[in-house]
Amino acid sequence: PLNPAEAFTTSLRLWALGPLAITVPLWGAMFRAPLAEVLPIDCAVWIEGQSGAFKTSVARVFLSHFGLWDQSGLVPASWRDSDANLEHKRYLIKDAPLLVDDYVRETQDAELRALRALRSQGNRASRGRMQADMTVAHVYPPRGLLVATAEHRPAGLSLAARTLVLPVGPDTLQRDRLTAAQRAAHRLPHAMAGFLLWLAPQMGDPAWRAQVRDGFLVAREQARERGGLLRVPEVIAHVWVGIDWALAYAEATGIVSAEERARLAQVAWEACLGAQAAPEAEVESE
């Protein structure tokens, strides 16, 4: 990474693109994905809004932590891909987010495809298959984080309880800040690279891996204490793990002070609880 401290500061500016209850969990999800090796991810992030709400644009900016996706204008996957294609991509994209773009409830097949993908992510399982000679074929379970953009969502209680829905409206995002973030997106891979180089030596330490899992359990219980329903606090805890360790990296490398880390962590936690409120209300209504 080139100047990882400056790059991480650029990454933190993404919090200002819109309401913190949207931008902070999405930011945390980017840093949560590399920890899937330690703590597998059994939930998804669902960015929802009508056409023209810039949901794909903001998703590509955040995805630029893993490459220059915003500059390419491409997305890694689409809901028009086949079930098998999506399953294989979710297996290949290990410890990283896979953006599946532009879900529209056009046909029943499209809805079923989305439901299968989300349930597969939630169960961390893929479809079992047999070969012609009756031997078991290789399976492709999801090994990273599923991030989706959509105009609608498939109906169902289990979906609402295992996904973090981030609603984006026409005026939700600050367009001038989004434009500035797009121009600076080439710095985001350097922020992630710095984080990964700091993270890598710890990955084999059983005590550290236990610390990651314990942090998740504590965050889940704290979210439940705020009245969380079903699996919604678990989704929030997954996002929080990414935020917590990203800020730990920033403090350990001198990017932020201990006091600044504590301040950012408090802001981020309140933002996550704000993001928790919408799916909770939907689950309760259903």
* Before giving the answer on side chain to side chain contact (heavy atoms under 4.5 Å, CB included), spell out for Arg220 and Trp240 the whole-Å C-alpha distance, their side-chain angles and the decisive distance to 0.1 Å. => CA-CA 9 Å; Arg220 185 178 65 181; Trp240 173 252; over 6 Å; no

Across all chains, not counting sequence neighbours, the ring-ring contact (aromatic ring centres under 6.0 Å, His included) partners of His88 are Tyr140

Residues Ala53 and Val168: closest non-hydrogen pair is O-CG1, 3.3 Å

Heavy-atom distance under 4.5 Å between the side chains of Trp27 and Leu12, does that happen here? yes

Closest non-hydrogen contact found for Ala181 with Val61 is CB-CG1, 4.1 Å

Point to revise | Salt bridge flag under 4.0 Å for residues Arg80 and Asp102 | key: yes

(message) I'd like to know if the side chain of Lys55 and the backbone of Gly49 have a donor-acceptor N/O pair within less than 3.5 Å.
(response) yes

All heavy atoms of Pro25 vs all of Leu166, minimum pair found to be CB-CD2, 4.5 Å

Discussion item. Taking the basic N atoms (NZ, or NE/NH1/NH2) and the acidic carboxylate oxygens, is any pair closer than 4.0 Å for Arg32 and Asp244?
Written reply: no

Has Arg113 got a side-chain atom pairing as donor or acceptor with Asp81's backbone, closer than 3.5 angstrom? yes

Rounded to the nearest 0.5 Å, the CD atom of Glu111 sits from the CZ atom of Arg116 at a distance of 11.0 Å

| message | Quick check: do Leu86 and Val100 have side-chain heavy atoms less than 4.5 Å from each other? | response | yes

Between Arg224 and Glu221, does any side-chain N to carboxylate O distance fall below 4.0 Å? yes

Legend entry - Any donor-acceptor N/O pair, His190 side chain to Leu2 backbone, under 3.5 Å: yes

Quiz prompt | Linked, directly or transitively: Leu112 and Tyr103 (ILVMFWY side chains, under 4.5 Å) | solution = no

Sorted by chain and number, sequence neighbours left out, salt bridge (Lys or Arg N to Asp or Glu O under 4.0 Å) with Asp101 holds for none

Sequence neighbours excluded, the answer for salt bridge (Lys or Arg N to Asp or Glu O under 4.0 Å) partners of Arg213 is none

side-chain contact (heavy atoms from CB on, under 4.5 Å) filter on Pro170, not counting sequence neighbours, yields none

With a cut-off of 3.5 Å and sequence neighbours excluded, list every side-chain donor-acceptor pair involving residues 33-45.
from, atom 1, to, atom 2, distance (Å)
Glu37, OE1, Lys94, NZ, 2.5
Asp42, OD1, His238, NE2, 2.9
Asp42, OD2, Arg231, NH2, 3.2

Sorted by chain and residue number, the salt bridge (Lys or Arg N to Asp or Glu O under 4.0 Å) partners of Glu48 (sequence neighbours excluded) come out as Arg153

Ser51 meets the side-chain contact (heavy atoms from CB on, under 4.5 Å) criterion, sequence neighbours left out, with Glu151

Point to revise | Heavy-atom check, side chain of Val235 versus side chain of Thr163, under 4.5 Å | key: no

What donor-acceptor contacts under 3.5 angstrom involve side-chain atoms of residues 193-207, with partners at least two apart or in another chain?
from, atom 1, to, atom 2, distance (Å)
Gln202, OE1, Trp208, NE1, 3.1
Gln202, NE2, Trp198, O, 3.0
Asp205, OD1, Ala207, N, 3.0

Checklist line | Pair Leu118-Leu146, side chain to side chain contact (heavy atoms under 4.5 Å, CB included): steps then yes or no | finding: CA-CA 8 Å; Leu118 288 162; Leu146 174 62; 3.7 Å; yes

Salt bridge (Lys or Arg N to Asp or Glu O under 4.0 Å) filter on Asp95, not counting sequence neighbours, yields none

Working for side chain to side chain contact (heavy atoms under 4.5 Å, CB included), residues Phe62 and Leu14 = CA-CA 8 Å; Phe62 279 87; Leu14 298 181; 3.7 Å; yes

Sequence neighbours excluded, the answer for side-chain contact (heavy atoms from CB on, under 4.5 Å) partners of Thr10 is Glu6, Arg13, Ala184, Arg187, Leu188

Identify every side-chain donor-acceptor pair in residues 266-275 under 3.5 Å, counting partners at least two apart or on other chains, and give the distances.
from, atom 1, to, atom 2, distance (Å)
Gln266, NE2, Glu270, OE2, 3.2

Backbone of Ala7 reached by a side-chain donor or acceptor of Ser11 within 3.5 Å
no

Check your understanding: Side chains of Phe66 and Pro189: closer than 4.5 Å at any heavy-atom pair?
Key -> no

- Query: Can you tell if the side chain of Glu234 reaches within under 4.5 Å of the side chain of Phe216, non-hydrogen atoms only?
  - Reply: yes

Q) Going by the angle between their ring planes, with limits at 30° and 60°, are Trp79 and Trp46 parallel, tilted or perpendicular? A) tilted

Sequence neighbours excluded, the answer for side-chain contact (heavy atoms from CB on, under 4.5 Å) partners of Pro76 is Leu63, Trp69, Leu98, Leu99

Value for OG (Ser120) from CD (Glu87), rounded to nearest 0.5 Å, stands at 6.0 Å

Practice problem: Just do the side chain to side chain contact (heavy atoms under 4.5 Å, CB included) check on Arg90 and Gln121 with the steps written out, would you? | Solution: CA-CA 9 Å; Arg90 288 184 292 113; Gln121 183 74 32; 4.2 Å; yes

Report the C-alpha distance between Tyr249 and Phe31 in whole Å, list the side-chain angles of each, state the deciding distance to 0.1 Å, and finish with yes or no for ring-ring contact (aromatic ring centres under 6.0 Å, His included).
CA-CA 11 Å; Tyr249 153 71; Phe31 289 92; 7.8 Å; no

